[in-house]
**Q** 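Take this structure first; my questions come after.
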Amino acid sequence: MRNVFEVMLLLLLLLLPLVTAHAGGQPNSPPGKPVLTSCRSPEKETFTCWWKPGSDGGLSTKHSLFYRKESSDAVHECPDYRTAGENSCFFNKNNTAIWVNYNITVVATNSLGSAYSDPVEVDVVYIVQPNPPENVTVSVMEDKGWPFLRVSWEPPRKADTRSGWITLVYELRVKLKEEDDWETHLAGQQKMFNILSLPSGGEYQVEVRCRPDHGFWSEWSSTSKANVPHHFRRDNSTWILMTVFFAFTFLIVAWLLHLNRHNLKRCILPPVPGPKIKGFDKKLLKSGKSNEIFSALVVPDYPSTPSSNYEDLLVDYLEVYVPTERELQLEESKDPHDDRLKSDSSTSDSDSGRGSCDSHTLLVDKEAKEEARQAECGQTRTEVQRSLKDWDALTYAQIDMVGRDVPSGRVKTWPSLYSPLPRHSSGPLDQQSSLQMAKQHSLSTSSFLAQEASGESYWDVCSHGELPRPLRAKTPPHRGLRARSDADVSGAGLKRAPAGPRSLAPHTSEYVEVQRVNNKDVVLLQPVVTGCYQALPGEVYSKVKRVDSDNILLLQREAREEDGYPGAEQENTTQKASACVYAAVLVQDQMAPMVNGYVDTATMCTLTC
Amino acid sequence: RDRTNSINLIILLLSVVFLGVSTQPITDGRLFSIAVGRVQHLHLLAQRLFSDFESSLQSEEQRQLNKIFLQDFCNSDYIITPVDKHETQRSSVLKLLSISYRLVESWEFPSRSLSGGSAPRIQISPKLSELKTGILLLIKANQDGADLFPDSSALQLAPYGNYYQSLGADESLRRTYELLACFKKDMHKVETYLTVAKCRLSPEANCTL
């Protein structure tokens, strides 16, 4: 192995000089093939061809160019090898024919051989490449304050454009000194051009080149420079843009303001509160009818019956109270919840019999109150009688549920106010008087639904028997208010109370029936005709058990009637008045289906049971 | 452009007719401009046709065509035309115009076989006819009693007028190439002659269009 390697090395060493000698020069070899690179004519009168020689083969090689015109077979050699430089052939005017195809070949010859290039067809017309334009001048000029460049040049000297032999078109390009991209403009056949779009000031460079209508572009001319002064470009388009932008913004703002004009108006010009009288109609003033104006001023439900007005109204009412014994009993158990029901002058609470009599709900009269305190029911009765005589305006009574003392189990209902609601004919004064009357009347004839096993005595008890009688006599049948003494209702109290003054003198009871329920959830009572004593056979009458927390009147069931309500039995036995229905106590918040005045247990039970 | 030029020619014809026997050439420069414009357009067409045809050929066919071309002739070779600037400058305007007329006329018939190439709708023959009419107008405007065609042979049909039609269909490729090349060359000749004649007649020194 090693020997072989050595032998190879020796061989290589031996052969190396041969190899080098062989690669070194090839001194004796025919020349390489030359290549015609291009032929150009600068003015369509002469032309030049250039070639690239191939390898010379180590010997001096001579190149020669031969050409043949299209119409003849005569081969001619290049007339001028020198004018155009190395490896070129120049054809002067005499040797140049236009519109004639030249077949040109270059031959490279050395001592060993010669090489022919590929022939090239040349038509002078199509190889024209002129020289660049000359005398390019750039000048800065001004037009209405804006600078622009004026470029002018001349055609290349050799090109004969004047006779029309050659037609040149020009092109120029311009750029700022520091830029890289040129901006080209086609100038056509003119020799002057204005560059108007100058973005800014600075040094501008301009170059021009030309081309025959069918030919090649020349080289770019030498750069011409010009200094343009700096100017702020604010032409019409900028103004227009700004105007449009501002107008647009203004329109948008105006539109937004328009949308919010109400808010703005409220903000900037807040509404001035003016005096307004309810019911005051300016038009009526204009019409000049005072009656109408005043009637319009009248509020239908004036005076309203809020509980806060109770004190005012009740001041005028007559106070009726039960006999002293009852008062004592009642005074013991004072009802703290009746604070709001007390009148200013009333000192007794609602629990006492006196309180029930002279409670503000009974429309306590200031004058009568003192009397009531001292006097007995009889005194008041006379007064009531008196008042009753005068009273005929009242047609109904309003019963209001006031008692909320459910926990104590006391329920008091009384006619609180007489509202002349549907009676517009009565003026305020009339109302006042009628109210008074009504209240007084109600005092005497009110139906108290009092309840309680606690044994309060109510006014009903007080007024048992005696008062209603004269009432009955006095009041017209259809108008009179018959309030059944609450002896029935408060039968519990009655019954539980020991016999005595508390009870149980046979009291006549007045019966009130519910006429209707007005819009204020007030039960309007009306006296029941005497015929009501005859109870309808199939009907069942129930007593009020208690008042619920929701101002619901809870009636006694039939079955429970006997549970400690001996009063009812008594009533039934003593009087048949129980057959008549009690005045229904209206639940304030609920509609009263018992418009007909009869309270069915069934009906009531649906509500409260 | 052809349409506008034709309209212009018609207007000019009408004006010539109406104005009657006016010895002065009427708007000569304008006629020349129109004619030059038309021939330039034709030359561009010819160039485009030729280049399209050449590009569609294979390379080996191209080499063959080069050889073939040398052997054949253009149909307009019988017309003696100035081949360099000197000769052109020496020729009179009328001679130039007449030569141009003959050249255009010689192509009127063979141009019908020229394919449109990429734009088949382009009709070369009618354009040639219009150009011929324009040149005739120019000739009439510029001749001053001289004989219109001193060379009587000019009006005769070329002896080889039907040369290209006699060729067989199998040589259509070569024929198309020759046709296109010759057409291109002749159009350029006419363009040059007309331009030179125009510049000679126009009063402007720098001879711009």
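So that the names make sense, note that chain A is the first sequence line, chain B the second, and so on, each numbered from 1.
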**Q** Counting only non-hydrogen atoms closer than 4.5 Å, does A:Asp118 touch chain B with its backbone (N, CA, C, O), its side chain (CB onward), both, or neither?
**A** neither
**Q** Look at B:His188, B:Gln47, B:Gln89 and state which one has the largest set of heavy-atom pairs under 4.5 Å with chain A.
**A** B:His188
**Q** Is B:Lys95 atom NZ crowded by more than 12 heavy atoms from other residues, nucleotides or ligands, each under 6.0 Å away?
**A** no
**Q** Please indicate whether A:Phe216 has more than 12 foreign heavy atoms, meaning atoms of other residues, nucleotides or ligands, lying under 6.0 Å from its CZ.
**A** yes
**Q** Can you say whether A:Asp123 sits under 4.5 Å from chain B via the side chain, the backbone, both, or neither, judging by heavy atoms?
**A** side chain
**Q** So which of A:Ile166, A:Val125, A:Asp213 has the biggest tally of heavy-atom pairs under 4.5 Å with chain B?
**A** A:Val125
**Q** Would you indicate whether the side-chain heavy atoms of A:Lys44 and B:Thr192 approach each other to under 4.5 Å?
**A** yes
**Q** Strictly less than 4.5 Å between heavy atoms, which residues of residues 149-159 of chain A line up against chain B? Please order them by number.
**A** none
**Q** Relative to each other, are the rings of B:Tyr193 and A:Trp99 parallel, tilted or perpendicular (30° and 60° limits)?
**A** perpendicular
**Q** Run the side chain to side chain donor-acceptor pair (under 3.5 Å) test against A:Arg211 and tell me which residues pass, sequence neighbours left out.
**A** none
**Q** Distance to the ring centre below 6.0 angstrom and angle to the axis at most 45 degrees; does that hold for B:Lys184 and A:Tyr126?
**A** yes
**Q** Taking only distance into account, with no hydrogens and no angle test, what donor-acceptor pairs under 3.5 Å do side-chain atoms of residues 77-91 of chain A form with protein atoms, sequence neighbours excluded?
**A**
from, atom 1, to, atom 2, distance (Å)
A:Glu77, OE2, A:Tyr81, OH, 2.9
A:Asp80, OD1, A:Arg82, N, 2.9
A:Asp80, OD1, A:Thr83, N, 3.0
A:Asp80, OD1, A:Thr83, OG1, 2.9
A:Asp80, OD2, A:Thr83, OG1, 2.1
A:Tyr81, OH, A:Leu65, N, 2.8
A:Asn87, OD1, A:Trp51, NE1, 3.4
A:Ser88, OG, A:Ala84, O, 3.4
A:Ser88, OG, A:Gly85, N, 3.2
A:Ser88, OG, A:Gly85, O, 2.8

**Q** Under a 3.5 Å cutoff, is there a donor and acceptor pairing between the side chains of A:His214 and B:His43?
**A** yes
**Q** Please name the pair of heavy atoms, one in B:Cys199 and one in A:Ser163, separated by the smallest distance, quoted to 0.1 Å.
**A** CB-O, 3.4 Å
**Q** Table please: side-chain donor-acceptor pairs of residues 80-87 of chain B below 3.5 Å, with sequence neighbours left out.
**A**
from, atom 1, to, atom 2, distance (Å)
B:Thr81, OG1, B:Lys189, NZ, 3.2
B:Asp84, OD1, B:His86, N, 3.4
B:Asp84, OD1, B:Glu87, N, 2.8
B:Lys85, NZ, A:Glu45, OE2, 3.0
B:Lys85, NZ, A:Asp160, OD2, 2.8
B:Glu87, OE1, B:Val83, N, 3.4

